[in-house]
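First up is the structure itself, then whatever we jot down about it.
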Amino acid sequence: MKALEDKIISEGKVLPGNVLKVNGFLNHRLDVPFIKEMGKEIARLFEGCGVNKILTIETSGIPIAFAASEEMSVPVIFAKKHKTKNISDDVYSVEIDSFTHGNTYTAVVDKAFLNEGDKILIVDDFLAIGNAVKGLIKMISSANAETVGVAVAIEKGFQNGGDRLREQGIRVEALALIDSMDDSTVTFRK
Ligand code: 5GP
């Protein structure tokens, strides 16, 4: 998505440790009209694939998933990163190593919301090493549901998570796929 590539170049900031900061439109302030455009593009890519639910993970996957859900007319479920009191004990739960925080957290989804036979599209803001997406795929498998594909706003291709998933036969679509980045240049895979 050319508009996203342009926005990354004009507004993104590359931080030490291979972290791209896009707080101006995605991770802190939300550019709602722009996120809606990303939702439209995700819906276009997965049109006709029979998706009946979107699964994302809090926090920054939620706005993109919301935008895609509006276009696709399917509900969104977001995995919670903390098991709060308002969630039942009957949950799918996975341990995920966080790339940005350098820790491990437990993500949970109430079993009531993932059902056998569901055809699920995973949506997230970033795909780096792939741990978050792998965790969500694990939950989907535990529910005997199907992962139809993965749609992310930004994939950092040089961290190989996306390509590893593609090698396993999983459809992964990135609206912007970064091949390399340093503090002065971001290069996209075409
Ligand atoms: P992965 O599990 O694929 O290594 O990392 C994906 C998760 O880490 C995403 O859900 C995202 O929140 C976060 N993340 C990974 N890389 C970046 C990055 O460069 N910038 C930001 N803002 N978040 C990232």
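Just so you know, ligand 1 is whichever comes first in the structure, and atom 1 is the first atom listed for that ligand. Along the sequence shown, residues are numbered consecutively beginning with 1.
Nearest protein neighbour of atom 13 (C) of ligand 1, counting heavy atoms only, is Thr100 OG1, 3.8 Å. When hydrogens are left out, the protein atom nearest atom 12 (O) of ligand 1 is Asp125 OD1, 3.5 Å; that is the closest non-hydrogen contact. What sits closest to atom 20 (N) of ligand 1 on the protein, heavy atoms only, is Leu20 O, 2.8 Å.
Side-chain atoms of Thr104 and Asp97 form a donor-acceptor pair, as typed in the model, at a separation below 3.5 Å.
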Subject >> Full working for side chain to side chain donor-acceptor pair (under 3.5 Å) between Asn23 and Lys13 >> reply: CA-CA 9 Å; Asn23 280 7; Lys13 198 169 181 311; over 6 Å; no
**OP:** For side chain to side chain donor-acceptor pair (under 3.5 Å), just list the numbers for Asp179 and Thr187, CA-CA rounded to whole Å, side-chain angles, deciding distance to a tenth of an Å, and then say yes or no.
**Re:** CA-CA 6 Å; Asp179 245 347; Thr187 312; over 6 Å; no
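The backbone and the side chain of Ile129 each have at least one atom closer than 4.0 Å to an atom of ligand 1 (non-hydrogen atoms only). With a 4.0 Å cut-off on non-hydrogen atoms, Lys156 touches ligand 1 through its side chain and not its backbone. Both the backbone and the side chain of Phe126 come within 4.0 Å of ligand 1, judged by heavy-atom distances. Contact annotation: for Ile154 versus ligand 1, there are no heavy atoms closer than 4.0 Å.
Taking every non-hydrogen atom of Ala132 and a distance limit under 4.0 Å, the qualifying atoms of ligand 1 come out as 2 (O). Less than 4.0 angstrom separates some heavy atom of Asn27 from each of these atoms of ligand 1: 22 (N). Counting the atoms of ligand 1 from 1 in the order shown, those under 4.0 Å from a heavy atom of Asp124 are 9 (C), 10 (O). Counting the atoms of ligand 1 from 1 in the order shown, those under 4.0 Å from a heavy atom of Phe99 are 4 (O), 5 (O), 15 (C), 16 (N). Heavy-atom contacts of Asn131 reach the following atoms of ligand 1: 1 (P), 2 (O), 3 (O) (cutoff under 4.0 Å). Heavy-atom proximity to Gly130, at under 4.0 Å, picks out these atoms of ligand 1: 1 (P), 2 (O), 3 (O), 4 (O).
Comparing Gly161, Ala128, Ala153 by heavy-atom distance to atom 5 (O) of ligand 1, the nearest is Ala128.
At least one heavy atom of Asn18 sits less than 4.0 Å from an atom of ligand 1.
The only member of Ile8, Val186, Val19 that meets side chain to side chain contact (heavy atoms under 4.5 Å, CB included) when paired with Val14 is Val186. Phe126 pairs with exactly one of Val133, Val22, Thr100, Ile178 by the side chain to side chain contact (heavy atoms under 4.5 Å, CB included) rule, that one being Val22.
Figure legend: Lys111 and Tyr92 shown as a cation-pi pair, the cationic atom lying under 6.0 angstrom from the six-membered ring centre and within 45 degrees of its axis. Remark: Arg171 qualifies as a cation-pi partner of Phe46 under the 6.0 Å distance and 45° angle criteria applied to the six-membered ring.
Closest approach of Ile120 and Ala145 over heavy atoms only: CD1-CB, 4.1 Å. Listed here is the closest heavy atom pair of Lys81 and Thr59: NZ-N, 4.2 Å. Nearest heavy-atom pair across Gly162 and Glu155 is CA-OE2, 3.4 Å.
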